[in-house]
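Input: a single structure, listed below in structure tokens.
Quantities reported herein were computed from a predicted structural model and do not represent experimental measurements. Every chain is numbered from 1 and lettered A, B, ... according to where its sequence line falls, protein lines coming before strand lines.
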2 protein chains.
Amino acid sequence: MKQFRAAEIPIMKRLQIGEVAQKAGVSVDTVRYYERRQLIDEPPRRASGYRQYAPRVIGRIRFIKQAQKLGFTLGDIEELLRLRDAPNTDCSDMLDRAEAKLVEIEEKIAALSDMKSTLEELVDQCRRSQQGSDSECPILDAMEKGDAS
Amino acid sequence: MKQFRAAEIPIMKRLQIGEVAQKAGVSVDTVRYYERRQLIDEPPRRASGYRQYAPRVIGRIRFIKQAQKLGFTLGDIEELLRLRDAPNTDCSDMLDRAEAKLVEIEEKIAALSDMKSTLEELVDQCRRSQQGSDSECPILDAMEKGDAS
DNA sequence: CTTGACTCTGGAGTATGCTCAAGGGTTTAT
DNA sequence: ATAAACCCTTGAGCATACTCCAGAGTCAAG
């Protein structure tokens with residue numbers, strides 16, 4: 001049972017969407033979007049219809065944005081949030097998903113690196129052909145002939 | 001003026017869309033899509049409405065697909081096609097665009113590599129924490145606290 | 001002649017992650 | 001009281017690159 005000194009008594013303050021959005025670093029529209037996508041719960045409303053959020057939703061939205069930074073899509077994040085919410089989550093489920101994402105990212109890096117290599121080669125050829133009197137373009141040629149693959 | 005032996009006289013054969021698509025390695029729908037996007041010209045039609053393509057459109061579509069493999073979007077490729085079509089194209093315009101694409105790709109690789117590093121670190125921590133009696137999940141923690149950025 | 005394969009069109013759908021629009025009500029500070 | 005800032009809704013738009021749909025006409029081979 002946690003003990004508080006008088007100055008530390010938590011106040012159950014409710015927040016409007018603008019404040020939530022600002023503190024979480026997203027737009028108001030994004031907050032509503034996340035609610036529509038059920039990434040966050042719909043909060044209770046005032047008689048006016050204004051949403052009244054518990055402050056902990058800020059942490060949840062920050063979780064979402066952090067996960068996005070690691071390459072997880074919102075679809076992925078739905079599942080991560082389920083794990084976060086489950087009472088007996090251990091690390092192995094999160095580990096599985098992190099490892100899977102790591103593999104995806106490595107594959108993307110590999111694909112991009114292939115493109116890079118090929119472009120570098122073409123750029124090189126192009127620079128060399130400009131130095132000679134050759135008026136043909138190796139980049140055009142490579143794309144015509146499929147040699148770029 | 002190019003000279004042909006009798007067996008080499010080119011025949012001005014027109015092709016239907018199915019044959020073009022098959023030879024270019026794309027779908028019929030994709031050919032029509034490229035026409036709609038003006039990446040290829042609308043060809044003359046038969047009385048039936050069937051498209052009658054000159055064989056050189058196959059090369060043009062192959063050019064498009066090769067450029068896509070190098071990371072160029074169809075928007076990018078519109079411009080590449082203009083360069084390809086221009087009578088006095090030299091290599092420097094193609095070179096500019098190849099270099100610009102190279103920079104984009106390098107930036108994407110850098111971003112992905114950051115993600116990778118962070119995920120690897122989290123995966124490492126997670127594995128180590130499973131070996132101890134610690135029941136907390138460093139991945140969850142990192143996403144909650146923003147330490148993953 | 002018949003039938004299966006091919007052709008045609010315009011528009012909507014797919015997936016992703018927001019963002020905008022239109023029109024109106026509510027709150028807050030002066 | 002007033003006005004600006006805030007809130008609300010639903011649905012469409014944005015960008016990308018196709019792909020599918022529905023319904024009908026045409027071609028080519030048997």
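Against DNA chain C, the stretch residues 31-40 of chain B makes heavy-atom approaches under 4.0 Å through B/Arg32. Taking every heavy atom of residues 56-64 of chain B and every atom of DNA chain C, no pair lies under 4.0 Å.
Residues passing the side-chain hydrogen bond (donor to acceptor under 3.5 Å, both in side chains) test with B/Arg97, sequence neighbours excluded: B/Glu79. Residues forming a salt bridge (Lys or Arg N to Asp or Glu O under 4.0 Å) with B/Arg51 (at least two apart in sequence, or on another chain): B/Glu35. With sequence neighbours left out, the side-chain hydrogen bond (donor to acceptor under 3.5 Å, both in side chains) criterion links B/Gln22 to no other residue. B/Glu99 is linked by a salt bridge (Lys or Arg N to Asp or Glu O under 4.0 Å) to A/Arg127, counting only residues two or more places apart in sequence or in another chain. With sequence neighbours excluded, the residues forming a salt bridge (Lys or Arg N to Asp or Glu O under 4.0 Å) with A/Arg37 are A/Glu78, listed by chain and number. Looking at residues two or more places apart in sequence or on another chain, you find a side chain to side chain contact (heavy atoms under 4.5 Å, CB included) between A/Glu104 and A/Lys101. Looking at residues two or more places apart in sequence or on another chain, you find no side-chain hydrogen bond (donor to acceptor under 3.5 Å, both in side chains) involving B/Glu120.
At whole-Å resolution of the value, CD in A/Gln16 and P in D/dC8 are 7 Å apart. Atom-to-atom, CG of B/Asp29 to C1' of D/dT16 comes out at 17 Å; the value is rounded to the nearest Å.
Across the helix from C/dC1-D/dG30 to C/dT30-D/dA1, the helix axis at one end is tilted relative to the axis at the other end by 10° (nearest 10 degrees, each axis from five pairs).
Scanning both residues, A/Gly18 and A/Val28, for their nearest heavy atoms gives CA-CG2, 4.0 Å. Minimum interatomic distance between A/Phe72 and A/Asp76 (heavy atoms only, all atoms of both residues): CA-OD2, 3.5 Å.
Taking 4.0 angstrom as the limit, A/Arg51 places a side-chain polar atom (N or O) nearer than this to OP1 or OP2 of D/dC8.
Put simply, chain B comes within 4.0 Å of DNA chain C, heavy atom to any atom, from C/dC6 to C/dT9, going 5' to 3'.
Geometrically, A/Arg84 engages A/Phe63 in a cation-pi contact, judged by NZ or CZ lying under 6.0 Å from the ring centre and within 45° of the ring axis.
In this structure, B/Lys65 and B/Arg46 both approach DNA chain D, and ranking their closest nucleotides by distance from the 5' end singles out B/Lys65.
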Nucleotide N/O to protein N/O under 3.5 Å, stretch nucleotides 23-25 of chain D:
from, atom 1, to, atom 2, distance (Å)
D/dG25, N2, B/Tyr50, OH, 2.5

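With no hydrogens or angles considered, no side-chain donor-acceptor pair links A/Ser117 and A/Asp114 at under 3.5 Å.
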